[in-house]
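A short write-up of the structure that comes next.
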Amino acid sequence: MQTHTIAIANEKGGVGKTVTVINLAAALNRLNRKVLVVDMDPQANATKGLGVSVEAGQPNIYGLLSDPDAADAHQAIVSTAWEGLDVIPSHTDLSGAEVELTNEHGRENRLKEALADLPDAYDVVLIDTPPSLSLLTVNVFTYARFVLVPCQTHPYAYGALQALFDTIGAVKDAINPDITVLGILATFYDHRTRVARSILDRLKNEAAYRDLLFKTVIRTNTAIAESADKGRPVVFYRRSSFGAIDYTQFAEEMMARLD
Ligand SMILES: Nc1ncnc2c1ncn2[C@@H]1O[C@H](COP(=O)(O)OP(=O)(O)OP(=O)(O)O)[C@@H](O)[C@H]1O
Ligand SMILES: [Mg+2]
């Protein structure tokens with residue numbers, strides 16, 4: 001069985017990366033897929049959103065990156081309340097890894113080395129990334145086979161897409177020839193606003209994006225923000241909400257694209 005490694009990335013902040021990681025993981029869990037979430041954002045929002053808190057001294061992603069030889073990925077895996085949905089948690093110390101790794105040889109390979117002997121029981125590994133092109137994100141792009149790009153249906157987010165695609169292209173040329181954009185997921189959609197409709201139309205029509213755009217669109221939904229606060233994905237927390245419906249449909253569409 002093959003494990004699909006998928007980075008969820010967009011250098012633009014607040015476009016729905018973490019919410020997508022959390023709820024895609026939950027929706028895949030409900031489809032009986034085994035999922036590991038790797039939280040590579042020092043903000044640790046994916047960790048918290050899955051109801052996991054990291055105690056002092058507990059292994060986490062920072063330990064794996066700072067000393068991949070000594071650290072053991074298996075020990076850093078934490079179970080969530082949902083069987084078959086695990087997480088390698090983040091920690092605020094991760095924000096220091098950027099500086100510490102800057103002068104180290106092979107610094108972009110740390111995550112790949114650390115996760116080299118992950119249990120192959122996982123169907124999907126989802127990696128959350130910070131909102132910047134940092135060394136942390138480059139580590140994720142060195143490891144992952146696919147990049148899933150959430151794009152807020154807003155002009156700023158649309159305008160930032162080209163820079164992200166350029167970055168992924170540069171990583172492909174220099175470091176990871178296998179990396180591929182899996183697709184673009186439109187988020188924060190509200191059909192009542194002209195600007196959201198207009199950006200969705202541009203995603204559907206622009207030659208560079210239309211074949212990548214997923215048919216499923218994630219609607220703006222307040223239950224999503226509430227669920228993050230409760231540490232429960234909306235897919236589990238409120239099954240009849242737009243958020244749960246949209247992410248479940250998206251999980252099915254994404255797996256069809258992968259299989
Ligand atoms: N579809 C949605 N409807 C309503 N609120 C949403 C939706 N998606 C995300 N949010 C809320 O918007 C905020 C930003 O979302 P999220 O944290 O997923 O973005 P992000 O891209 O991970 O941000 P960052 O770049 O800071 O990591 C959060 O408060 C989240 O709860
Ligand atoms: Mg985030």
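Indexing begins at 1, ligand by ligand and atom by atom, following the structure's order. Note that the structure is predicted; figures quoted are calculated from it, not measured. If you read the sequence from its start, that first residue is 1, and numbering goes on from there.
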Handout entry: Whether over 12 other heavy atoms sit under 6.0 Å from Phe165 CZ
Key = yes
Completion exercise
Within the heavy-atom cut-off of under 4.0 Å, ligand 1 is lined by Gly13, Gly14, Val15, Gly16, Lys17, Thr18, Val19, Asp41, Gln43, Pro131, Phe188, Ile218, Arg219, Thr220, Asn221, Ile224, Ala225
Practice task
Find out whether Thr20 and Leu185 are in side-chain contact, i.e. whether some heavy atom of one side chain is under 4.5 Å from a heavy atom of the other.
Solution key: yes
Exercise for the section: Mind checking side-chain hydrogen bond (donor to acceptor under 3.5 Å, both in side chains) for Asn29 and listing every partner two or more places apart, or none if nothing turns up? Expected result: none
Exercise for the section: Evaluate the side-chain proximity of Ile61 to Leu111: yes if any heavy-atom separation is below 4.5 Å, no if none is. Expected result: yes
Practice task
I would like to know whether Asp128 and Val37 meet side chain to side chain contact (heavy atoms under 4.5 Å, CB included); could you show each step before the answer?
Solution key: CA-CA 8 Å; Asp128 195 17; Val37 169; 5.5 Å; no
Practice task
Could you tell me whether the side chains of Asp41 and Ser90 share a donor-acceptor contact shorter than 3.5 Å?
Solution key: no
Exercise for the section: Check the side chains of Glu108 and Thr142 for a donor-acceptor pair under 3.5 angstrom, ignoring hydrogens and angles. Expected result: no
Exercise for the section: Can you run down the salt bridge (Lys or Arg N to Asp or Glu O under 4.0 Å) pairs that involve residues 194-219, sequence neighbours left out, and say none if there aren't any? Expected result: Arg219-Asp246
Fill in the blank from the handout: Scanning both residues in full, the closest heavy-atom pair of Asn32 with Asp123 reads O-OD2, 4.3 Å
Practice task
Sort by chain and number the protein N/O/S atoms found under 2.8 Å from the Mg ion (ligand 2).
Solution key: Thr18 OG1
